[in-house]
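The structure presented is a predicted model; accordingly, all values stated were derived computationally and were not measured. For this chain, numbers begin at 1 and follow the sequence in order.
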Amino acid sequence: MSMTKMPLLLLSSLSLVLSLSDPAVGQEPAKPAAQADQELEAKAKKLLEAAAEVSKEVEILAGAKFAKKVESEVHNEEELAAFLKKKIFEEEMAGGRLERSQYLLREVGLIPKDMDLAKEYIALLVGQVGGFYDPERGTFFMMLKSAKMGEMANRSVMAHELTHALDDQLFDLKRFTENKDMSEDEGFSTGSVVEGSATALMIRWTLANRNKFDQKEMMESQKAEMEKSMVMFSYPEYFQTLVAKYYIGLNFLTKNEGMRSLMQSGTKGLRPAIAHAFKHMPVSSEQILHPYKYWDEEVVDLPVTLVDEKAFADSLGLHVIGKDTLGELLCGLLGKPKRAQKDKKFLEVRLALMIQPKYWIHKSGKGWGGDRVFIVGPDKKKPEGMAWLIWWDEKKDVEEFLTAYKKVGGKNRKYGLAEKGRLCVLTYGSLEGDADRILEAALEAPVRKGKTPFKVLD
């Protein structure tokens, strides 16, 4: 189950995508809280009156029509926090999914051992989000704090959210949000298509309308946005992958052309690629990070999978309570040296780099061929052990990952390890001492790439 699946589809205005925050300059003296809230609410509701106009602009830029009107509402931060808690952690992550996801991320080293995943996730999103779209209600929401920003910033967020609404009417986003078995890797690849589509149109909208609004106001918004984005660096890099989806998804949909493609053909030219991707979702972060592995029919790269996961687990006597796939992106993060938080200029450079695919590609993840995590325990809410199988394209890829993992993600963590050929097995908790036994079983188990049998050993 992907921890990040729901936010990727709903929360569309994170830091690098013109989300909203208090202006850093030009603020008026503080007003009494009640008065300030009333004025903000009035201003926010007035801004939403522009939704009909922005909807028409979205239709023109996308070359597609809304089948029905999209409703809109205003939320404050408390309402957003309550929405996230209920929607993600009480519904989507119920039945032990939160406990298993937190256990997985802690054990492999993607988050600290003592981190409260739900608490930190909500805190980050509430601080960063300026708007979101809810496929279940077919409604987009603007945050009350967004009223402090300029009209252009607000309209650009509307364009982003309305693109989600248009894509929902065309392709049904609920089929993704309702998939409770979506893995971490599938969550990233699906979210990249969803957010890449909305980001592409939002950028085109901004380019088409940038001369219609106050330039000073725009500069103040950009400065405030940069300030707020610094908060991202106080969280583990795993959380920062939320930002990656927007521009890495854009790069995927433009087939590695990025902004240049938008300047040349606009978003109408992207619609065939967007429609294809929604109908035939990429299956891994590897395909998102390396678009040719999806778009080039001669080199399409599908992940290695076990033919029969149940038979494999039964042969080992494992009581499996959860399964997941981490993918190239997270394997890369687990081996990528951690960058110490330095001065503001250094962080600004990092923000600029984060929107480039190469920032998220690391040698410890390259050559990923497929992986599967099996979480075991007495019941759904009590994970006690874990086995992680990773298949690689070449033997050297195994060595590069393990060398990097021992220095970074696996540092100061206890785990078992066994490897042979292009397969490695890492085991944690109650399964820590079973790495060799699980490796031997995995070497004997039938595996495939897509529908093609896969030979594990050279």
Side-chain angles (χ1 to χ4, degrees), residues 1-14 17 19 66-68 70-73 75 79-98 100-102 117-118 121-122 124-126 128-143 157 160-199 201 239 241-246 248-249 252-253 274-275 277-285 288 322-325 327:
M1 166 65 193
S2 168
M3 178 66 233
T4 57
K5 171 170 67 81
M6 285 302 296
L8 299 183
L9 294 173
L10 293 172
L11 307 174
S12 312
S13 304
L14 287 161
V17 198
S19 65
F66 286 99
K68 59 182 178 180
V70 182
E71 299 299 326
S72 59
E73 295 180 17
H75 264 5
E79 289 170 326
L80 174 59
F83 173 87
L84 292 172
K85 184 174 183 294
K86 181 177 184 297
K87 191 74 173 180
I88 301 175
F89 299 108
E90 294 178 4
E91 295 179 7
E92 295 301 319
M93 299 296 287
R97 288 185 176 88
L98 173 60
R100 298 194 296 274
S101 183
Q102 181 167 265
L117 187 59
Y121 217 85
I122 289 176
L124 172 64
L125 293 175
V126 168
Q128 297 292 313
V129 167
F132 65 97
Y133 173 72
D134 183 1
E136 188 173 314
R137 291 181 56 187
T139 302
F140 84 84
F141 298 81
M142 293 290 290
M143 295 304 297
V157 170
H160 190 111
E161 307 309 330
L162 286 166
T163 304
H164 283 319
L166 179 61
D167 286 341
D168 187 22
Q169 292 182 15
L170 293 171
F171 308 115
D172 184 18
L173 299 188
K174 289 187 290 298
R175 62 194 172 100
F176 306 119
T177 62
E178 292 172 354
N179 180 4
K180 295 183 179 182
D181 293 323
M182 187 177 288
S183 71
E184 286 283 342
D185 203 38
E186 290 174 308
F188 180 83
S189 57
T190 299
S192 294
V193 172
V194 173
E195 296 301 350
S197 172
T199 299
L201 192 137
F239 289 83
T241 61
L242 282 169
V243 174
K245 296 171 191 64
Y246 295 82
I248 307 309
F252 168 79
L253 291 172
I274 290 171
F278 270 111
K279 293 175 183 177
H280 308 281
M281 270 291 173
V283 295
S284 67
S285 58
I288 297 295
K323 294 178 284 188
D324 215 324
T325 298

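- Pairing each heavy atom of P282 with each of I288, the nearest pair is CG-CD1, 3.6 Å.
- The CG atom of L201 lies 8.5 Å from the CG atom of L166; values are rounded to the nearest 0.5 Å.
- The backbone N or O of K245 sits nowhere less than 3.5 Å from a side-chain atom of E195 that would complete a donor-acceptor pair.
- Annotation: the span from M93 atom CE to L117 atom CG amounts to 7.0 Å, rounded to 0.5 Å.
- Proximity of a side-chain donor or acceptor of T177 to a complementary backbone N or O of K174 within less than 3.5 Å is detected.
- With rounding to the nearest 0.5 Å, the separation of CG in D181 from CG in D324 is 10.0 Å.
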Derivation of the side-chain contact (heavy atoms from CB on, under 4.5 Å) call for K87 and D134: CA-CA 10 Å; K87 191 74 173 180; D134 183 1; 4.1 Å; yes
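- Within the 4.5 Å cutoff, no side-chain heavy atoms of R137 are placed close to those of E71.
- Listed by chain and number, the residues in a side-chain hydrogen bond (donor to acceptor under 3.5 Å, both in side chains) with S72 amount to none (sequence neighbours excluded).
- Shortest non-hydrogen contact noted between T139 and Y133 is O-CD1, 3.3 Å.
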I'd like to know whether E186 forms a side-chain contact (heavy atoms from CB on, under 4.5 Å) with T325, so could you lay out the CA-CA distance, the side-chain angles of the two residues, the decisive distance to 0.1 Å, and finally the verdict. CA-CA 8 Å; E186 290 174 308; T325 298; over 6 Å; no
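- Between F83 and F132, the two ring planes are tilted [angle within 30° to 60°].
- Nearest heavy atom pair, residue F278 against residue R175, reads O-NH2, 2.6 Å.
- For F239, the ring pair (Phe, Tyr, Trp, His ring centres under 6.0 Å) partners at least two apart in sequence or on another chain are Y121, Y235.
- For the pair L173 and D168, the tightest heavy-atom approach, listed with the atom from each and the gap, is N-OD1, 2.9 Å.
- Under the rule for a side chain to side chain contact (heavy atoms under 4.5 Å, CB included), the partners of K86 that lie at least two apart in sequence or sit in another chain are E90, E91.
- Considering all non-hydrogen atoms of both residues, M281 and F176 come closest at CE-CZ, 3.6 Å.
- Between the side chain of T241 and the backbone N or O of A244, no donor-acceptor pair lies under 3.5 Å.
- Counting heavy atoms from C-beta on, the side chains of D167 and V194 never come closer than 4.5 Å.
- Taken from CZ in F188 to CD1 in I248, the straight-line distance is 6.5 Å, to the nearest 0.5 Å.
- S101 places no side-chain N or O within donor-acceptor distance of the main-chain N or O of R97, the cut-off being under 3.5 Å.
- In this structure, the separation between CG on L125 and CG on L242 is 6.0 Å, given to the nearest 0.5 Å.
- Partners of S284 by side chain to side chain contact (heavy atoms under 4.5 Å, CB included), not counting sequence neighbours, listed by chain and number: D185, E286, Q287, W368.
- Looking at residues two or more places apart in sequence or on another chain, you find no ring pair (Phe, Tyr, Trp, His ring centres under 6.0 Å) involving F140.
- Residues satisfying the side chain to side chain contact (heavy atoms under 4.5 Å, CB included) criterion with A275, sequence neighbours excluded, are F171.
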Can you list the steps and then say if L162 with F66 is a side-chain contact (heavy atoms from CB on, under 4.5 Å)? CA-CA 9 Å; L162 286 166; F66 286 99; 4.1 Å; yes
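- Of all heavy-atom pairs between S197 and L253, the closest is N-CD1, 3.3 Å.
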